[in-house]
Amino acid sequence: MGYRLVNSLLTLVLVSFVSFAAVEFAPGDPAEMLLGGASKELSAEALARVRAAHGLNQPMWKRYVGWLKLVAGGNLGVSLRTNRNVTAEFAARIPVTSAVAFGALSLATLAGLSLGVFAVIYEGRAVDHAIRAVVVACHSVPAFLIGLLLIYLCSFKLGWLPLYGVGGGSGLVLPVLTLGGIMGLSLARVVRNALLEAVHEEYFLAALGKGLSYPQAVLRHGLRNSLTLVVSYLGMRFAGLLGGVVLIESVFSLPGMGSYILEAILGRDYPVIQAYMLFFCAVVLAANLLADLLVRGIDPRAAVAGIH
Amino acid sequence: MPRIAYAGGTIVVLFLLVAVLGDSVAPYPAELTDYGQILAQPSLRHPMGTDHLGRDLLSRLMAGTRTTLGLGLLVAVLSSALALAIGALCGFAGGWLDASLMRLVDALLALPGFLLAVCFLGLFGGGVFQLVLYLVLIGWAQLARIVRNEVAVARNLDFITANTAAGYSTARNLFRHVLPAVLPSVLVLLMNTLVGDIFAIVSLSFLGLGISPQIPEWGTTLFDARSFFLASPWLFAFPSALIGALTLGLHLLADGLREHLDKKRFLFAVEEINLLAGTASACGSETA
Amino acid sequence: MRLRTGLALLAGALLLQAACSGNRRPSGKLVIGVNGSLNLGSNNPVLIQRNANVWEALTELDDSLTAQPQLAESWQATSDGRQWRLRLKRGVRFHDGAALSAPLVAANVLRLKDHPELDYYSTFVNLASAAIDDEFTVRLVFSRPMVDLPNKVGHYFAGIFSPAAFGPDGKLGKPIGSGPYVFAESRIGQYDRVTAFDQYHGGRPYFREIEFRIIPDPVVRLMSLIRGDIDMIAHHGGVPAPYLDLLRNKPGIVVASQDVAITHYLLFNCSRRPFLKMECRDAFSRSLDRAGLVERILQGAGSPARDFLVDRASRWNRGRFSVQPDASGQVKQELKACAGSSAVVLLLSQSDLSAWGYRHVADYLADYFSRLGVPVRVEALEGGAWQKATQDGRYDITLYPLSTPTGTPELLIRRLAFSAGMRIRSIGNTTHFLSGQIDSLFTEALEAPDAATQERGFNHVLDLLAKEQPFVPLYHERYYYAYRRGLAGVHVDPFLKLDLGRLHWEEPHR
């Protein structure tokens, strides 16, 4: 565990440097953006003044260290476009994104476990095949296309759900359904495969011998043993999930972190992009550590075997 | 081989044929505009309708197959090759080299690759080279770890140990015996990676961050179609259907192949591959 | 059994629909769908866009881009054009209760003078003093003639604010203006809200509250209007042209258009082949099919450019360009001779691509010229990279949007032809044609002692530019907006400002 922690911290330092350097070597000039970007004519003196005022003329390593200090104190910098604190901007958008991400995770866990169990109980029968077919079908179309179809049907044609925004929570239904549904289906596949291996284990056969019915045995014994797999699988997919959030938020017009990064990119809001990379890498690293801890909590043997 | 592998293989081969033959089988040149036929509905003349410049959508999607599938393959092959090289090196050499490279792999695996690609494409602009570079950079690590584990297992197989004892060189062992032994699993992984890469390319283009707008590509077509979504839904429906069909084919082929190779005991670290099976590995299918 | 389940599901669905589509708003509130926040942040001199109707300026440009009174009632210049006396409107209150007065205007003028980074079109660079003649008269003295001052104090960054609104750094804490609406709240990524200002000098506004709801996707914005979630689509982005027919078929929705003071230019790289020679630029320019571009690709969301500035800027409109292509075989020959065998590189900025629909324009140009035998390669770069590439001359042609904020060609010339302006940043900086001549003519025109001389001067520069063609106008922006039938008093000005103070529901609607 100590190794994991140290590795994560080292990764984070590396990421901080990469995100800082990336923005540093990007072709645009932050001083110009500070003065309103391409929308007007700038004099060389004005640019020089802004550079001095924002410390842009200091050597790169000095600014990097200064930035790290700020970030360590919880200050992610100031947006070039809005002049607002990036931390505040993030704080306004994170609730939306985390609602989508955690909603999707919960739905995925629920759907994945139940479908997986169903598939095993009815192994080789119609239900199993149907689940498999749905899994493959849903995995064959990118989530954003499914999302667009859902908006058109449920929001526009039927008017059941809002077309855009959070809408007091109802606006999150479709995004969560899209992301969580797809993730749940792939999880169902993983659970099914894991359970199918478990049913051939001795302890499982012993449980059947004690008089438990097959479904009971699957639920009581098989499932518990596949939990570690579920957790480590979800941990593994977490980064991908956050990537999916960018597209889903853009499709569903949600004011979260995903649509924010697209705005920042188009507006060349460099401090935001910088902070964004660092923040999300930190979140994903933390999520991976958490998944690790959970796996160990559920199954101490994993600490030895090293599920990763 | 299971039947699904043949079904999937047929689909994939069809798409490959379209990608290779491209222009010569398309009803119209992909760039041909017809201003009398702007945003025309599907008809006999234009089975999939036309776009905002009156270009035949079917022909554009056929040309786009080459771009999308070609780039996807390029990324998948490059990341697999990189993964194979580094994985084999680590698995065979072991020691500090293995430890440090695997630490790098750990670091890369713990990062949100797709988000980083979005940021980098945004900062430095899109283009074929950039797109391939970023996708390979975020895609190789997962494969490399699996290859390394397999190589490490294969290396300790009895006959390799015996070979070493008999005085055969390390290189000979690696290339003659160990690598061929891990190739089947790399093949399965490559196909899963390919799906993820295609999804990633399409998604990035859909966000307007992909390759040049002039090159026909499925995601770019979708990006353009987004502004005609309500009035001309076919512009959206057909590219989506094609993406679905190709991915379905790849999934079926990968699944079938995996089952077949698994039965024949060609795969070592089956558990890890199972974890990836049915889901796109490199970027995650949730990505798209 | 199956029937009962079906019925229950149906009932549930209907209930849900009833609950969700309850879009009857209180009649005092209007919701306008916009593509992004109107809140520009405090780095911007006015903090909130002019469209919010929160602040006003001294003057306002009317439909013919001529200055009309807003906060200034009348104005008068001395014969040398160096001194301006502005008489202010009486009885104007700001949102914090402050009254419009000469000292208040002087404080605003000095704010921009002291903080040139907030003075977007360099209006007050040459200001010598701002004197207070009486409570409602302010006298602005410039160190050089400034004959078009009334035009320069009415643009979209020229707001007049209560002195309580800005601090010593000149930045606004809150946009306390004198407009019909008071800025209430911005919710990041969701909406900006303004509320009625009952002491507004133009009369009490009808709507108690107006919400600018942020819906970035134009199609979703459209669906929201059709479904009745919003009352109006206005501001940048407007209604995309492909949907005009669809909307016109909806009886409950009105579609209208306005020609706005924005022109899209095609810029040539004059520092390298193929557009090094004037003859080649001319051949390319003459073969442009402006009318075809507007009709086929923009589907009416624009008008073909006959001159550098929009048609309504009639003082500068001489019809210097043709909207029809020169179809003679000769121009084709010339074009081919110039271009040789290599492709012409059309370089675009990623941000313009998404903001202005340049993607389709580029596609069209590429196709059009390849039919003429000159292949065009379209390349898109990230905004900063595009700027570098254009400055370094790594392009052949590019597209560039520019508005006419003061109703004169000054910004256009300064940005694209004046060498001092170009050296700093502009894309035109590779065009060293005639720069000495244009520079001196431009400076002369700027310092002209009267409007007629200035008009002649600017027109002279435009004539030269039309002959040398380092850049040519392609089309002017036309903008479509839509609203629910029953909304009255809808007026959008050439700078996209919707006059919120005059909006109301027609009587039967209530």
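On a predicted model such as this, the values are computed, not experimentally measured, just so you know. Letters A, B, ... are given to chains in the order of the sequence lines, protein chains preceding strands, and every chain is numbered from 1. These values consider heavy atoms only, across backbone and side chains, with no hydrogens, waters or symmetry-generated copies.
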Heavy atoms only: give me the nearest [X]-[Y] pair and the separation to one decimal.
X: A:I265; Y: B:V118; answer: CD1-O, 3.5 Å
X: A:L262; Y: B:L209; answer: CD2-CD1, 4.3 Å
X: B:S203; Y: A:F144; answer: OG-CE2, 3.6 Å
X: A:L247; Y: B:F206; answer: CD2-CD2, 3.9 Å
X: A:S250; Y: B:R226; answer: O-NH2, 3.2 Å
X: A:S140; Y: B:T247; answer: O-OG1, 3.3 Å

Is it the backbone or the side chain of [X] that comes under 4.5 Å from a heavy atom of chain B, or both, or neither?
X: A:L285; result: both
X: A:V15; result: side chain
X: A:L148; result: both
X: A:L242; result: both

**Asked** Below 4.5 Å, heavy atoms only, C-beta onward: do B:F236 and A:L149 meet side chain to side chain?
**Response** no
**Request:** For residues B:L111 and A:M277, determine if any side-chain heavy atom of one lies less than 4.5 Å from a side-chain heavy atom of the other.
**Result:** no
For chain A, find which of [options] contributes the most heavy-atom pairs closer than 4.5 angstrom.
options: B:L104, B:L246, B:D106; value: B:D106
options: B:G122, B:P112, B:G113; value: B:P112
options: B:I243, B:L207, B:V202; value: B:L207

**Heavy-atom donor-acceptor pair, A:T11 side chain to B:A107 backbone, under 3.5 Å** =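 Side chain of A:T11 to backbone of B:A107, a donor-acceptor pair under 3.5 Å: no, none is there.
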Heavy-atom proximity to chain A below 4.5 Å, by part of [X]:
X: B:L222; result: side chain
X: B:L230; result: side chain
X: B:L242; result: neither

**Request:** Can you label the angle between the A:Y152 ring and the B:F229 ring as parallel, tilted or perpendicular, going by 30° and 60°?
**Result:** perpendicular
**Request:** Could you walk me through whether B:M102 and A:N7 pass side chain to side chain contact (heavy atoms under 4.5 Å, CB included), step by step?
**Result:** CA-CA 11 Å; B:M102 280 303 119; A:N7 207 23; over 6 Å; no
